[in-house]
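Each remark here refers to the structure printed beneath this line.
The sequence lines fix the lettering, A, B, ..., with proteins before strands; numbering per chain opens at 1.
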2 protein chains.
Amino acid sequence: MSWQKVLSDKGYRVSGPRRLVMELLAESAQPMTPLEIYQVLSQSGRALGMVSVYRALELLAELGLVCVVYNPNGSSGYVAGSAGHHHHILCKRCHRTITFAGSEDLSDLIRRVEAETNFRVSDHLLQLYGICPKCQKISADPVEDN
Amino acid sequence: MSWQKVLSDKGYRVSGPRRLVMELLAESAQPMTPLEIYQVLSQSGRALGMVSVYRALELLAELGLVCVVYNPNGSSGYVAGSAGHHHHILCKRCHRTITFAGSEDLSDLIRRVEAETNFRVSDHLLQLYGICPKCQKISADPVEDN
DNA sequence: ACCTTATTGATAATATTTTTCATTAAGCTT
DNA sequence: AAGCTTAATGAAAAATATTATCAATAAGGT
Ligand SMILES: [Zn+2]
Ligand SMILES: [Zn+2]
Ligand SMILES: [Zn+2]
Ligand SMILES: [Zn+2]
């Protein structure tokens with residue numbers, strides 16, 4: 001289902017700012033902060049308010065159309081969303097991010113943790129960190145965003 | 001190894017603010033933000049500057065003496081650290097957090113993702129979310145921080 | 001008890017996020 | 001296609017959060 005339809009079906013409008021943010025994130029290889037999104041779009045001539053970026057991200061995240069990911073350094077950014085159970089792998093060097101299907105089996109772990117803590121587990125956050133193919137090649141070079 | 005020794009061995013001093021922050025997080029059942037830490041300590045009479053809280057957390061996190069955890073709503077907070085491979089489970093209702101040993105086996109997943117993406121995986125972020133024992137009992141009640 | 005210097009904390013400076021509210025435009029109805 | 005309704009935007013201000021400065025303090029060693 002397209003992101004436009006997700007918005008429509010929930011009664012939200014497919015507005016300019018939402019479209020700009022969605023399309024930018026879909027193209028971006030790296031997670032982007034609200035400020036980065038605002039700056040890139042502004043410099044591309046497509047004007048929109050900073051506030052709209054925040055509001056668009058908030059809504060899109062709520063609908064699962066974009067995801068928040070956590071950089072290895074602790075900062076966070078937004079990436080395009082994906083349907084179904086999935087996670088993200090981030091490059092520690094250039095922050096390039098790829099989505100992968102959540103095929104992991106955590107049932108043993110969850111069983112053990114539930115027994116140990118008496119929590120009832122319902123959900124999880126998983127990200128992998130590593131070095132992307134491009135950065136493996138230039139592994140001696142300084143960080144570049146490419 | 002005690003956190004005091006970790007600091008000393010790296011040439012850092014065991015200062016008042018660092019001790020206050022470490023001891024508070026060690027006692028706290030929930031992750032705390034810098035502001036919460038500052039406020040609780042201030043109200044307890046133990047005065048320290050907000051800036052010192054930030055600096056203490058930055059250093060302690062760098063040394064692995066405290067960990068950053070991400071609440072289900074996206075906000076983050078600090079919890080007392082733990083040696084070795086471990087993760088955290090958070091209550092979606094009251095944010096109570098418990099540390100557990102990282103005994104999960106992600107090798108199948110990592111192998112698959114490495115093959116699919118050509119990344120080289122070195123690290124991961126994992127958190128479990130659920131409902132803590134206390135909140136299971138009062139599951140019909142509004143959120144309480146207890 | 002005294003030195004040395006890392007660390008603190010008051011203040012100011014930045015940066016980030018949220019509120020407000022008049023204006024705009026998305027999508028529905030003729 | 002024009003008009004209507006109201007969600008959504010954006011400029012500005014307000015509120016929060018974080019970082020930088022630098023004189024004063026105190027931790028740890030002698
Ligand atoms: Zn890379
Ligand atoms: Zn998963
Ligand atoms: Zn709970
Ligand atoms: Zn693990």
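- Between A:Leu7 atom CG and C:dG27 atom P there is a gap of 9 Å when expressed in whole angstrom units.
- Interface remark: the A:Arg13 side chain does form a donor-acceptor pair with the D:dA7 base, using a distance-only criterion of under 3.5 Å.
- Using the six-membered ring where Trp is involved, B:His124 and B:His85 have ring planes that are perpendicular, over 60° apart on the 30 and 60° scheme.
- Close to D:dG10, at under 4.0 Å from its OP1 or OP2, lies a side-chain N or O of A:Ser52.
- A side-chain donor from one of A:Gln127 and A:Tyr129 sits under 3.5 Å from a side-chain acceptor of the other.
- Atom CD of B:Glu36 and atom P of D:dT16 are 15 Å apart (whole Å).
- Between A:Leu125 and B:Tyr70 the shortest heavy-atom distance is CD2-CD1, 4.1 Å.
- If you take CD on A:Glu104 and CG on A:Leu109, they are separated by 10.5 Å, rounding to the nearest 0.5 Å.
- Within residues 58-73 of chain A, no residue has any heavy atom under 4.0 Å from DNA chain C.
- Screening B:Val21, B:Val6, B:Leu25 against B:Leu60 for a side chain to side chain contact (heavy atoms under 4.5 Å, CB included) leaves a single residue, B:Val21.
- Atom CZ in B:Arg55 sits roughly 14 Å away from atom P in D:dC22 (whole-Å rounding).
- Atom OH of B:Tyr12 is separated from atom P of C:dT7 by 7 Å (rounded to the nearest Å).
- Comparing C:dT8, D:dA8, D:dA12 by their closest approach to the side chain of B:Arg18 singles out C:dT8.
- The nearest whole Å value for the distance from the CG atom in B:Leu20 to the C1' atom in C:dG9 is 14 Å.
- In this structure, A:Leu128 CG and B:Asp123 CG are separated by 9.0 Å, a value rounded to the nearest 0.5 Å.
- Atom CE of B:Met50 and atom C1' of D:dA20 are 15 Å apart (whole Å).
- Judged by distance alone, the side chains of B:Arg13 and B:Ser15 never bring a donor and an acceptor atom under 3.5 Å apart.
- Atoms OH (A:Tyr54) and C1' (D:dA17) sit 11 Å apart, rounded to a whole Å.
- Taking 4.0 angstrom as the limit, B:Ser15 places a side-chain polar atom (N or O) nearer than this to OP1 or OP2 of C:dT8.
- The distance from atom CZ of A:Arg19 to atom C1' of C:dA25 is 12 Å, rounded to the nearest whole Å.
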